[in-house]
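Inspection log for the structure reproduced underneath, given as structure tokens.
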Amino acid sequence: MRIQQFLHSSWRFRRIPEKNWLPARVPGNVFSDLVANQEIPDPFVGTHERELQWVERADWTYQTTFTPEAALLAESSIDLVAEGLDTLATITLNGVEVARTESMFIGYRLGIKPLLRPGPNELTISFANTRDYINARRTEDHYGEWNDYLGGSSLIRKEPCSYGWDWGPRLVSAGIYLPISLEGYSSPCIESVRVEQAHSSTQVALRIFPELSEPVDPAATYSVKLTLRGKTLIETSELHLKVEDPQLWWPNGLGEQPLYDLEVRLVNPDGSLADTWQRKIGLRTIQLDRHPDEFGETFQFVVNGRPIFAKGANWIPAHQFLTEATPELVDDLLTSAVDANMNMIRVWGGGIYEREFFYDLCDEKGLLVWQDFMFACALYPGSEEFQSLVKQEAEYQVRRLAHRACLALWCGNNELELMSHFICRFPERKAAYEAIFYDLLPDAVSKWDPHTPYWPGSPHNPEGYENGPNNERAGDCHFWDVWHERKPVKRYEEMCFRFCSEFGMQSLPSPEVAATFCPPEKWNIFSPEMDCHQKNKAGNQIIFDYISRRYRFPKDYASLSYLSELNQAYCLKIGVEHFRRSMPRTMGALYWQLNDCWPGASWSSLEFGGRWKALHYEAKRFFAPALISVHVPGTETAQKCNMPVNTIHDLHIHTVYDGVKDTEAVIEWSLCQIDGQSIRRNELPVQLRCNEAFQHITLDFSDELARYGAANLYFRCQLRIGARIVSRQTVLFTAPRNIEFSQCPITSSIRQVAPGEFDLSLSSEVFQPWVEFLFTGIQFRAEDNFFDLFPNEKRTVKVSVEESADLATLQNRLQTHSLVDSIA
């Protein structure tokens, strides 16, 4: 049986060749250690990032002294287990070099028994800077990276976005970023276990394939136990199990997420326990369904035999310094994804293979994981040395994650095939590309996780990547005409993709987040401090461009930030609702991006720290299981997507439904003047069928528009199931900047319903679009926000407060504003 001793205490570090040692934290990173020792200022504040680039060019060494436990020393084999070293590490034990590493994405197990001694032992891990490594491998043929302004980061197996991205800083760290320990054993160990599932209508057959560290005595046996919620269901010496009446694992919104505990024991011939492997598994089937249909070829995930519309977002590392992304922070971010009705997260290929607790949380919360391999926005070498590192990485990571209930897809890379003309320019480049993404990676998946599908890249055109990306007939797409190309937002509705795995719109940081890195007097977005936290070169200009199309000029920075959030939410609402209305032709929408790694302008719906932007509240609405969607298509959109051609005064009323069973509902709608007076209203009973998008009615308001004018009308509708309103929408007939909204105070009341739980009621005598509320200096989570208030109608939402704030404090700190309050 293994004996484990963690080596997480008494570490110190220094810059080479300096002699002064400073205390260090392990797991950790050099930036956090430098900040903790007050050697550098906070890299996230002001323009400090630019002033701290010297850290990347320095070499660092970490050291600890430890005493091995007596029981561990008694074992015949002892390994140093380093799960994550960032990146170019030289490991020395008691003055003897043990190993050198060149990959951040491989865990290392190093035999050190002969070097260990009773009493104190000295372990030193030195980290060389990556610039020298990159420069030694750069060739004339090397084609630069999209986001690394110095170039060459694709030559090293290290987190790509640590070298900078168009939403994050260049802060290239080093250190022991995952657990490090000693493991002693005297018999063969179970290195991994592959679990295969075969499902029938009433049972699941499990086949278990242990992978051992060395050949085992033929007389050795296995003991397998399967439990659910503490109850033992099966205990056997066989490696083939049959689970009767299985409880299936489902994605969020479609069912529960039961997780079985599977324990595999290796038993020595004398009956002693050699080793144990224990994991949680979910019983489910997941396929990537690609079959011919009338539009080309489907691209849809099928879970337990049911096609699902993938609703979610792209995930980047939750903190620039990886060890600062605590389990609590990641839990909060993923809980926000669940609360916004998401069922899939794409772990993007420019970051890291996430830590175990990330996948634990996705298993528990029902979030399917589209898992990229860590290759993004660059061309990669074809050398034997590089491919050997990639092969080790792929085998290590696939074996580590293959048992996960949440794992839906292995994807080779992010956006390399957007530059297919560069890949195909020279035979050597094409051969290098295909060797990794069409041979090496799929081989690793086939060997270690054959039941999880592999996809070469995102986006990928299965009709031939040489033909270019974003094929509307087949495969997945990244659609950036809205934003990068500054196309109108309605451009989304001209596209009929099979699966949209990236699209987005930036917004500026809220005043609360901006205050963490810049004082209010410098909140001019072109100040050095604000500019340092906008990593997209044209980002501010593009934000202003899109804001100017809909809104009037803002009166101050807080208003500008607010308008940028409204615009971001509006853009993605148009895109996502179009994709959902296009079901089953389109079967997935994963917007860019869920979260941030530092404070600044970005495409995220959750600000750094977890605050919900307007987009995240809108995501909760447009990803709702039962959605009412009002569509006003233009002529080009209608013709391309085979919809009826209509004029601007027509409104198409759709429902989209992906609930678990068919249900009845009622559509309620009204056409109103801006002062709230109703002109026309009606209701329509409808049937909501599972996995169906349906257009129920077209309303023609040409007479009313001619009589009252587009700037004097709005349309509101809601979908009601029983007594509960499950979806709402408001439609304006012209850009908000053309409408004279009335100013009027917003009346509020707060009632405490439980410790930390409150009901907030808001009302107004006039129509107030996009009302935002906040509690100054208090973190909170709300049932809804950035919503419309209609004349003399109270809207009550539930609010959870993380701090122990009393009712009086909340009342004093409540602030509300709407669109009219942002005008200069």
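Proximity of a side-chain donor or acceptor of Asn29 to a complementary backbone N or O of Ser32 within less than 3.5 Å is detected. Lys158 places a side-chain N or O within donor-acceptor distance of the main-chain N or O of Ser173, the cut-off being under 3.5 Å. In this structure, the side chain of Asn595 does not engage the main chain of Leu334 through any donor-acceptor pair within 3.5 Å. In terms of modelled atom types and a separation under 3.5 Å, the side chain of Asp59 and the main chain of Asn129 share a donor-acceptor contact. Formation of a donor-acceptor pair under 3.5 Å by the Ser582 side chain with backbone atoms of His578 is found in this model. Gln300 contributes no side-chain N or O that, together with a main-chain N or O of Val302, makes up a donor-acceptor pair within less than 3.5 Å. Side chain of Glu97 to main chain of Ala99: no donor-acceptor pair is present (N/O by atom type, distance under 3.5 Å, no hydrogens or angles). A distance-only check finds a donor-acceptor pair linking the side chain of Ser604 to the backbone of Leu606 [under 3.5 Å].
For Gln541, the CD atom is densely surrounded, since the number of other residues' heavy atoms within 6.0 Å is greater than 12.
Side chains of Gln593 and Asn314: no donor on one and acceptor on the other come within 3.5 Å. Side-chain contact check for Glu502 and Trp480: at least one donor-acceptor pair (N or O, by modelled atom type) lies under 3.5 Å. In the model, Glu434 has a side-chain atom that pairs as donor or acceptor with a side-chain atom of Tyr465 under 3.5 Å.
The closest side-chain heavy-atom distance from Glu297 to Glu463 is not below 4.5 Å. Using a 4.5 Å cut-off on side-chain heavy atoms (C-beta onward), Asp449 and Tyr454 make no contact. Contact of the Thr298 side chain with the Met587 side chain is not registered, since no non-hydrogen atoms from C-beta on lie closer than 4.5 Å.
Glu485 and Arg491 are not joined by a salt bridge, as no carboxylate oxygen comes within less than 4.0 angstrom of a charged side-chain nitrogen. The pair Glu191-Arg399 counts as a salt bridge, with a side-chain nitrogen and a carboxylate oxygen less than 4.0 angstrom apart. With salt bridges taken as basic N to acidic carboxylate O contacts below 4.0 Å, one links Glu385 and Arg137. Using a cutoff of 4.0 Å between basic side-chain nitrogens and carboxylate oxygens, Arg100 and Glu102 are not scored as salt-bridged.
Minimum interatomic distance between Pro456 and Glu417 (heavy atoms only, all atoms of both residues): CB-OE2, 4.3 Å. Contact detail for Met104 and Tyr177: the closest heavy-atom pair is O-OH, 2.8 Å.
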Worked verdict on Ser605 versus Tyr591 for side-chain hydrogen bond (donor to acceptor under 3.5 Å, both in side chains): CA-CA 9 Å; Ser605 62; Tyr591 66 74; 2.7 Å; yes
Steps toward side-chain hydrogen bond (donor to acceptor under 3.5 Å, both in side chains) verdict (Trp146, Glu415): CA-CA 10 Å; Trp146 285 230; Glu415 293 192 343; 5.1 Å; no
Gln397 vs Gln371, side-chain hydrogen bond (donor to acceptor under 3.5 Å, both in side chains): CA-CA, chis, key distance, verdict: CA-CA 11 Å; Gln397 295 295 347; Gln371 178 67 57; over 6 Å; no
Step-by-step salt bridge (charged side-chain N to carboxylate O under 4.0 Å, His left out) determination, Asp293 to Arg585: CA-CA 9 Å; Asp293 68 1; Arg585 183 172 184 174; over 6 Å; no
Worked verdict on Arg549 versus Asp545 for salt bridge (charged side-chain N to carboxylate O under 4.0 Å, His left out): CA-CA 7 Å; Arg549 302 179 195 184; Asp545 183 5; 3.0 Å; yes
Side chain to side chain contact (heavy atoms under 4.5 Å, CB included) evaluation trace for Gln387 with Leu440: CA-CA 8 Å; Gln387 291 191 23; Leu440 193 155; 4.1 Å; yes
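Checked against the 6.0 Å centroid criterion, the rings of Phe422 and Tyr433 do not qualify as a close aromatic pair.
With a 6.0 Å cutoff to the six-membered ring centre and a 45° limit on the axis angle, Arg400 does not count as a cation-pi contact of Tyr353. Relative to the ring axis of Phe358, Arg355 does not place its NZ or CZ within 45° and under 6.0 Å from the centre. Taking the ring axis of Phe105 as reference, the NZ or CZ atom of Arg157 does not stay both within 45° of it and closer than 6.0 Å to the ring centre.
The residue from Phe321, Trp54, Trp598 that alone fulfils the ring pair (Phe, Tyr, Trp, His ring centres under 6.0 Å) condition with Phe31 is Phe321. Partner of Phe503 under the side-chain contact (heavy atoms from CB on, under 4.5 Å) criterion, out of Leu572, Asp481, Val482: Leu572 alone.
Pairs engaging residues 377-411 under the ring pair (Phe, Tyr, Trp, His ring centres under 6.0 Å) rule: Phe373-Trp410, Phe375-Tyr380 [sequence neighbours left out].
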Side chains of residues 160-167: which donor-acceptor pairs under 3.5 Å do they make with residues two or more places apart or in other chains?
from	atom 1	to	atom 2	distance (Å)
Ser162	OG	Glu159	O	2.7
Tyr163	OH	Thr130	OG1	2.8

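Remark: His460 engages Trp455 in a ring-ring contact (aromatic ring centres under 6.0 Å, His included) (not counting sequence neighbours).
In this structure, Phe499 and Phe301 have perpendicular ring planes: the angle between them is above 60°, well past the 30° mark.
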